[in-house]
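Remarks on the structure that follows.
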Protein chains: 2
Amino acid sequence: MSDERPDPGTVRPGGRTAKTREAVLRAAGDALAEDGFDRLDLAEIARRAGVGKTTAYRRWGTVPGLVADLLTEMAAESLPRTETGTLLGDLTAQARLVQSTLSDPRQGPLFKALITAAACDAQTADALHRFYRTRTDEWAPCVTAAIERGEVPAGTDPHEVIRAVSAPLYYRLLVDGGPIDQPTADRAARAAHTAAKAGAFTS
Amino acid sequence: MSDERPDPGTVRPGGRTAKTREAVLRAAGDALAEDGFDRLDLAEIARRAGVGKTTAYRRWGTVPGLVADLLTEMAAESLPRTETGTLLGDLTAQARLVQSTLSDPRQGPLFKALITAAACDAQTADALHRFYRTRTDEWAPCVTAAIERGEVPAGTDPHEVIRAVSAPLYYRLLVDGGPIDQPTADRAARAAHTAAKAGAFTS
DNA sequence: CCTTTAACGCAACTGGAGTCCCGTTATGAG
DNA sequence: CTCATAACGGGACTCCAGTTGCGTTAAAGG
């Protein structure tokens, strides 16, 4: 009885354990960006990280499990905020940030792989949703400010506006295959802005 | 030299070959919807289809290869068209069709798996893009008609409008994890309609 | 500093996905 | 109908992702 063992890394999280986690998560990000989700095994990631494969299997178990941990880590680091003073300006800045991220040679494939992993595993999906919830929360204030300025109707759902800006860009990345360029970003921002002003996102 | 062999199924496509293809594609769709993309192997699909696993490996080689064939098949079958007479009506009908598809217990997971497969394999990605290109082409005329009626500015890109309707729903399916319900669909249609009228989608 | 044991690394092992060989079925042409 | 061979099916085989056992290193508490 009571031979229950706590998850590895929770009892002695300092020194070597932290180093290992950092090295493996970094290697996992690199591998995901380069090879994609499906051609990955923990042994390869462990080799890149300079760590025994047994360690990787013991602590994370599966590739999706590791990705979930990576997402939790990514959610912790925050993004630089911008405040242009107008809603259209803020939304355009957001759209361009997403655009440059998704079209980046490293970040684009990485995000595609992260979303792919989430589609294959419930635990990873939870982590992904938390990650985007965090990001959306960071951007929401610019919509709230616009409501206070009277730029958009009261009752507008900030999260809905933020999602409307990102959605077309992710649609291209995952579904459509079309280009993810700055005109696309600006168009997404403009469309969301127009719709928001017209009260399309009031709850 | 010239020991090049044509792809299996191309020389004698009749009778048994066609039956096999049909059975395997059906089984593949079922398996994708139930288990998802990553826990799939061709042997299991072959077993479901009542076909030798050697046949499946010889003709399709890999799971993504099979999914690509399934997508080609799906692109061939057309969707029922609707004509309500107004752009908002047509876009709402489209949004609700996508919504009911993505929230369907079988179709939702299936589409998620198809997109996941496309994210892992270039050939499958091509097939997916062709599939959505076909679907978008089927819907585009309702925007063209709206331009002719003067509902939206000349120069509006029909494909861009169609994409704007679908994008928020796919965003929820793949990225956000939020509910895919009828209010969401109607909101997407309304937002796209408003933005289109305001000229946000002119090229 | 000393002790306990969490966490690690190496190497041997295992199971199942994917391949190969070869005999059988049945398509399509003449 | 007959023939050549495309396509299929069963089963043995291979190879590597993931597991297990055990000795080693070092984190945390005293």
Side-chain angles (χ1 to χ4, degrees), chain A residues 2-28 31-32 35-69 113 117 120-121 123-124, chain B residues 2-28 31-32 35-69 113 117 120-121 123-124:
Chain A
S2 90
D3 54 352
E4 296 182 15
R5 199 153 302 181
D7 289 335
T10 56
V11 179
R12 289 182 186 174
R16 183 170 58 168
T17 300
K19 273 277 198 315
T20 298
R21 187 173 115 102
E22 189 185 357
V24 171
L25 289 185
R26 165 181 289 276
L32 279 177
D35 301 337
F37 165 71
D38 63 323
R39 17 198 100 133
L40 230 56
D41 66 306
L42 288 186
E44 169 66 12
I45 295 176
R47 200 191 54 74
R48 282 178 183 243
V51 158
K53 73 168 179 172
T54 315
T55 300
Y57 279 107
R58 237 194 314 258
R59 282 190 63 179
W60 292 282
T62 63
V63 172
L66 174 56
V67 175
D69 196 23
C120 295
D121 179 76
Q123 180 195 351
T124 310
Chain B
S2 91
D3 54 352
E4 297 182 16
R5 199 153 301 181
D7 290 333
T10 56
V11 178
R12 290 180 184 174
R16 182 170 58 170
T17 299
K19 274 276 198 314
T20 298
R21 188 173 115 103
E22 190 184 356
V24 171
L25 289 185
R26 165 182 290 275
L32 279 177
D35 300 337
F37 164 71
D38 63 323
R39 14 198 103 135
L40 229 55
D41 67 306
L42 288 186
E44 169 65 12
I45 295 176
R47 201 191 54 74
R48 282 180 184 242
V51 158
K53 76 168 177 172
T54 314
T55 300
Y57 279 107
R58 233 192 318 254
R59 283 191 61 181
W60 291 283
T62 63
V63 172
L66 174 55
V67 175
D69 196 22
C120 297
D121 179 77
Q123 181 194 351
T124 310

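Just so we're on the same page: letters track the sequence lines, and every chain starts at 1.
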task = Say whether, by atom type as modelled, one donor and one acceptor occur between the side chain of Thr124(A) and the main chain of Pro64(A) under 3.5 angstrom.
result = yes
ask   = Short question: side chain of Thr20(B), backbone of Arg16(B) - any donor-acceptor pair under 3.5 Å?
value = yes
Would you indicate what [X] reaches in the nucleic acid, counting non-hydrogen atoms under 4.0 angstrom: base, sugar-phosphate, or nothing?
X        : result
Thr62(A) : nothing
Arg59(A) : sugar-phosphate
Thr54(A) : base

Would you mind telling me which of [options] lies closest to the side-chain atoms of [X]?
X        : options                  : answer
Val51(A) : dA7(D), dG9(C), dC8(C)   : dG9(C)
Arg16(A) : dT19(D), dA7(D), dC8(C)  : dC8(C)
Arg58(A) : dG9(C), dT25(C), dG18(C) : dG9(C)

Salt-bridge present (Glu44(A), Arg48(A); N to O < 4.0 Å) = yes
request  = Indicate yes or no: does Arg59(B) engage Asp7(B) in a salt bridge with an N to O separation below 4.0 Å.
outcome  = no
Starting from [atom2] on [N], measure out to [atom1] on [X] and report it in whole angstrom.
X        : N       : atom1 : atom2 : value
Lys53(B) : dA17(C) : NZ    : P     : 8 Å
Ile45(B) : dG18(C) : CD1   : C1'   : 14 Å
Asp41(B) : dC16(D) : CG    : C1'   : 15 Å
Asp38(B) : dA17(D) : CG    : P     : 16 Å
Trp60(B) : dA17(C) : CH2   : P     : 19 Å
Asp35(B) : dA17(C) : CG    : P     : 12 Å
Leu42(B) : dA17(C) : CG    : P     : 11 Å
Arg21(A) : dA7(C)  : CZ    : P     : 13 Å

inquiry  = Return whichever of Pro8(A) or Gly15(B) has its heavy-atom-nearest nucleotide of DNA chain C closer to the 5' end.
reply    = Pro8(A)
query = Between Asp38(A) and Asp38(B), is any pair of side-chain heavy atoms under 4.5 Å apart?
reply = no
query = Mapping Thr17(B) and Val11(A) onto DNA chain D by nearest heavy atom, which one lands closer to the 5' end?
reply = Thr17(B)
task = Would you indicate, yes or no, if dT19(D) has its OP1 or OP2 atom less than 4.0 angstrom from a side-chain nitrogen or oxygen of Tyr57(A)?
result = no
